[in-house]
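The structure appears below as structure tokens.
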Number of protein chains: 2
Amino acid sequence: MAPTRTSKPDKAAIICQALRRAIIEQALKPGTKLPEDALGERFGASRTIARHALGQLAAEGLVELRRNRIAVVATPSWQEARDTFDIRIELERLVVRQLAGQLDAGQIARLRAHVDAEEGARGGPDTVSIRLATEFHILLAEMTESPILIRYVSEISYRCCLILATFSRPHSSDCAISEHRALIDALEAGRVDEVMNLMHHHLEAVADRALVAPAKPRGRDIMDILAPYAEPAPVAPAGQPRVRAIMR
Amino acid sequence: MAPTRTSKPDKAAIICQALRRAIIEQALKPGTKLPEDALGERFGASRTIARHALGQLAAEGLVELRRNRIAVVATPSWQEARDTFDIRIELERLVVRQLAGQLDAGQIARLRAHVDAEEGARGGPDTVSIRLATEFHILLAEMTESPILIRYVSEISYRCCLILATFSRPHSSDCAISEHRALIDALEAGRVDEVMNLMHHHLEAVADRALVAPAKPRGRDIMDILAPYAEPAPVAPAGQPRVRAIMR
DNA sequence: GGCATTCTGATTGCATGCAATTTGAACATG
DNA sequence: CATGTTCAAATTGCATGCAATCAGAATGCC
């Protein structure tokens, strides 16, 4: 009778969820190896399942998968980071465009409650603040009830989490909280243009606060450091890195 | 020695590619069942591989996957279709923003050649025209050399193919060709604002030409027709379908 | 010491097998 | 005839096994 009892959720989905959280909370740092055996054993599942989960995570861009090689947590390049934020800005502008003036009292309350939770976590570790801030944005996306928007915003937000974890110095996410509050106010008031601009500048600010250009290219991988030297040897003054990051 | 010989590409990847093409060319229509056994056998692979491929395609939104049920080619709803195009517009505006004035002669030539190919296919079946037009946009995205942009634009473009296949009446994609040419010209001239606007209106036009609102809700699935009646019974005047599709 | 080579354990790619679930058709019932 | 029930075939969920490949330590050579 009661089909309310949703069939037990995929084992693979559980592993995905766990890995996602671990990655965005930086428990698993970029580059960390993720062997299928180990994962399966850890979650009481077989390699087949772990493999499937890794495939999904790879499709989300959270892990890198190369044939015959152990999967690793993705290590976004700095340029990818910038591009990712550019995309995120446009996606989230769409979100607030749809939501402005359309939220009922309950939804507004839920948003405010979430921001309060963010405030409550201010003392704690950075990774938790980052996760909560990210979840605020996902919460917004979910209110559009647009499956595609929800999927894309969630995915790219998680990716941004990974990016922040990778590149940001110990930063204060305090400002984010007040910016979130401003967003809610503008949403409630239904001022479309204002809320789109607020979102735009909020995300730009997050990116700028966190994404310090790596002067010394972030130790980790030797090949990355050597990459520029693999080029045939630039003729023009070496600095100009192929335009990108347009107007800003 | 010569590692040029790239290690043989995943069997799963091959199946993915094949299914993608079949779906976007409407050889596999929305709703078509995709049993793991049959797929595996058809491609000389085991069920495990077929399953993996289906998982990837599901992550791309081309197939729908429900637990313990046969996978089917995705059937986008009309609302999803609209949302998808909204997202696509913003993504592709980013693409041309990055490319305007940055393409070398060879790249411009390649683009023009592609449009010529589109023109050459004008007499043929709609599905081929649609595929070629889609590939033009993906070609553009690839020129950004931004992995994330490439992935997102490719994915959403394929989805739009599926959508067009689902909703469009027998339409003439002739106008698309001249619009593509205009895009190339503006890109070459490096007029950023103009090319962004061109892309915006081009995609809007594609959507409008193809996405006729389904007055009679497209026969197919009875449950879809009944869906609105499952709501607890609206208090406000029943028509207003939750805003969406803002300014247009 | 520096550098190429060999070899072995670790790890993935894939197929197969079994239990659980769904599908839908035959059958029973009012 | 419409509706509910039963049951077998079809199909998925998952684990396991084997061959192919990789990683990196040990080895040999200069």
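Reminder, nothing fancy here: chain letters follow the sequence lines and each chain counts from 1.
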| query | Counting N and O atoms only, with roles assigned by atom type, does the side chain of Lys29(A) sit under 3.5 Å from a partner on the main chain of Ile23(A), one being a donor and the other an acceptor? | reply | no
| field | side chain to side chain contact (heavy atoms under 4.5 Å, CB included) involving Glu142(B) - partner list, sequence neighbours excluded | value | Ile138(B), Leu139(B), Ile150(B)
| field | Rounded distance in Å - NZ (Lys33(A)) to P (dA23(D)) | value | 8 Å
| query | Rounded to whole angstroms, how far apart are NE2 on His52(B) and P on dT16(C)? | reply | 18 Å
| said: So does Tyr158(A) get a backbone contact from the side chain of Arg20(A), meaning a donor-acceptor N/O pair under 3.5 Å? | reply: no
| task | Assign a letter to each nucleotide of nucleotides 10-15 of chain C from its 5' end: B, base within under 4.0 Å of a protein heavy atom; S, sugar-phosphate only; -, no contact. | result | -SBBBB
| field | Residues forming a ring pair (Phe, Tyr, Trp, His ring centres under 6.0 Å) with Phe85(A), sequence neighbours excluded | value | none
| request: Sort and list the pairs that fulfil ring-ring contact (aromatic ring centres under 6.0 Å, His included) and have at least one residue in residues 10-46 of chain B, not counting sequence neighbours. | output: none
| message | Using five base pairs at each end to define the local axes, how bent is the helix from dG1(C)-dC30(D) to dG30(C)-dC1(D), to the nearest 10°? | response | 10°
| request: Find the distance between CG (Leu162(A)) and CD1 (Ile130(A)) and round it off to the nearest 0.5 Å. | output: 10.5 Å
| query | Going by distance alone, is a donor N or O of one side chain under 3.5 Å from an acceptor N or O of the other, for His114(A) and Glu135(A)? | reply | no
| Test ring pair (Phe, Tyr, Trp, His ring centres under 6.0 Å) applied to His52(A) - qualifying residues, sequence neighbours left out | none
